[in-house]
Undergrad: 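Structure incoming, see below.
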Amino acid sequence: MQHGTPSPPTWADVTPRALFLSRRALLGGAAATLALAGTQARAGLTVRESPLSTDEEPNSLQDFSTYNNFYEFGTGKSDPQRHAHRLTTEPWSVMIDGLVERPREWSFDEITDGVTLEERIYRLRCVEAWSMVVPWVGFELGALLDRVGVLPEARYVAFETLYRPDEMPGQRTRVLDWPYREGLRLDEARHPLTILATGAYREPLLNQNGAPIRLVVPWKYGFKSIKSIVRITLTEDEPHTSWNMSAPQEYGFYANVNPDVDHPRWSQASERRVGAGLFAPRQPTLMFNGYGDQVAHLYEGMDLTELY
Ligand SMILES: Nc1nc2c(c(=O)[nH]1)N[C@H]1C(S)=C(S)[C@@H](COP(=O)(O)O)O[C@H]1N2
Ligand SMILES: [Mo]
């Protein structure tokens, strides 16, 4: 939905939950069955709809759960779907430390109990020039930052993914310097579009999508949206981030979606919508992935061509 429209029914309203579930069952195999059994107890998340959602049609759960980047499970698009069932997500806790009033470990339940979950239907643009539309379920990161008491010296937020090589086969290779790390400037982290997602398609997140809690920053390339977070650290200095450390000429800290700044090895001017079909035309990439009205002010006075 866009601002100002009188709440027309969304795709989620007209797609019965049974359809999501049968799609998930279609994935087949013991892993999918287990995942289904494990989530049924808390299935059918109650969510509030948001005016920040796009009215573009979401991808199928099939696309979203089988075409993934999660290098901890391998570099192939279907590796996460095949291997992520090995990840133990209960119990789960997140260390929230650095420049906060009371640094400590937060259990997943402590983070989410009493929090109203919202559905945010966002475009997702990978730096590899494919895109999807995803109905996330989550809450604003800014609300959690308010609860932890950020100290005035803090200027950045650093995030880390779980490091557990016995459950994450990709971590037994050196494809990245583990754990996966990401970061935001504090004002980016506090922007209302920036959420921590605990679900998608009105169900708890599947492991391959970053269960049980991951970041979603819709105006930046997908690699900023770090999965399966175990640590959030408030810092004074710009944090080191995995893709920037691995190839600084190719992946910047800001990584705002920008059709005018090409990746050194490919154009960013257009993108392929996953699931659109073999013969569907590529679509033009939008500045800030279409979220410029909301976020361009964050970068006033900065040279956007430098902010790759
Ligand atoms: N920990 C971790 N987070 C990650 C990644 C990863 O490899 N490891 N890949 C990123 C990339 S490149 C993208 S495009 C998105 C993909 O999210 P999805 O698979 O849920 O669509 O996750 C991001 N978060
Ligand atoms: Mo990506």
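First listed ligand is number 1; within each ligand, the first listed atom is number 1.
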Undergrad: Should Q208 be counted as touching ligand 1, given the test is an N or O pair under 3.5 Å?
TA: no
Undergrad: If you count heavy atoms of other groups shown closer than 6.0 angstrom to CG of D293, is the number above 12?
TA: no
Undergrad: Quick one: do E271 and R123 make a salt bridge, cutoff under 4.0 Å?
TA: no
Undergrad: Provide, to 0.1 Å, the distance between atom 6 (C) of ligand 1 and the closest protein heavy atom, together with that atom's residue and name.
TA: Y180 CE1, 3.3 Å
Undergrad: Can you report which non-hydrogen protein atom sits closest to atom 12 (S) of ligand 1, along with the distance?
TA: N69 ND2, 3.5 Å
Undergrad: Taking 4.0 angstrom as the limit, do E182 and K220 come out as a salt bridge?
TA: no
Undergrad: So that I can tick it off, tell me whether R202 and E49 are bridged by a salt bridge, with the cut-off set at under 4.0 angstrom between side-chain N and carboxylate O.
TA: yes
Undergrad: At less than 4.0 angstrom from any non-hydrogen atom of F223, what atoms of ligand 1 do you find?
TA: 10 (C), 11 (C), 12 (S)
Undergrad: Which residue from E182, K227, M168 reaches closest to atom 18 (P) of ligand 1 through any of its heavy atoms?
TA: K227
Undergrad: Within the 4.0 Å heavy-atom shell around E72, which atoms of ligand 1 are there?
TA: 1 (N), 2 (C), 6 (C), 7 (O), 8 (N)
Undergrad: With a 6.0 Å cut-off on the ring centroids, do Y221 and Y251 count as close?
TA: no
Undergrad: Is the positively charged end of K224 above the ring of F253, judged by distance under 6.0 angstrom from the centroid and angle within 45° of the axis?
TA: yes
Undergrad: Heavy-atom contact check, 4.0 Å cutoff: does R214 meet ligand 1?
TA: yes
Undergrad: By number and element, which atoms of ligand 1 are closer than 4.0 Å to a non-hydrogen atom of C126?
TA: 14 (S)
Undergrad: Starting from atom 15 (C) of ligand 1, locate the nearest protein heavy atom and write down its residue, its atom name and how far away it is, to 0.1 Å.
TA: G222 O, 3.6 Å
Undergrad: So that I can tick it off, tell me whether E236 and R155 are bridged by a salt bridge, with the cut-off set at under 4.0 angstrom between side-chain N and carboxylate O.
TA: no
Undergrad: Name the residue from H263, R125, E128 that meets the side-chain hydrogen bond (donor to acceptor under 3.5 Å, both in side chains) definition with Q268.
TA: R125
Undergrad: Pull out every atom of ligand 1 sitting under 4.0 Å from any heavy atom of S225, numbered as shown with elements.
TA: 22 (O), 23 (C), 24 (N)
Undergrad: Please state which protein non-hydrogen atom is closest to atom 21 (O) of ligand 1 and give its distance, to 0.1 Å?
TA: L124 CD2, 3.5 Å
Undergrad: Just need the protein heavy atom nearest to atom 7 (O) of ligand 1, so name the residue and atom and give the distance.
TA: Y71 N, 2.8 Å
Undergrad: Can you list the atoms of ligand 1 that are under 4.0 Å from a heavy atom of I226?
TA: 3 (N), 24 (N)
Undergrad: Check W243, W178, Y180 against Y71 for a ring-ring contact (aromatic ring centres under 6.0 Å, His included) and give me the one that passes.
TA: W243
Undergrad: Would R190 and D146 pass as an ion pair if we require N to O under 4.0 Å?
TA: yes
Undergrad: Output the list of atoms in ligand 1 that are nearer than 4.0 Å to some heavy atom of T161, sorted by atom number.
TA: 1 (N)
Undergrad: Contact between S228 and ligand 1, counting heavy atoms under 4.0 Å?
TA: no
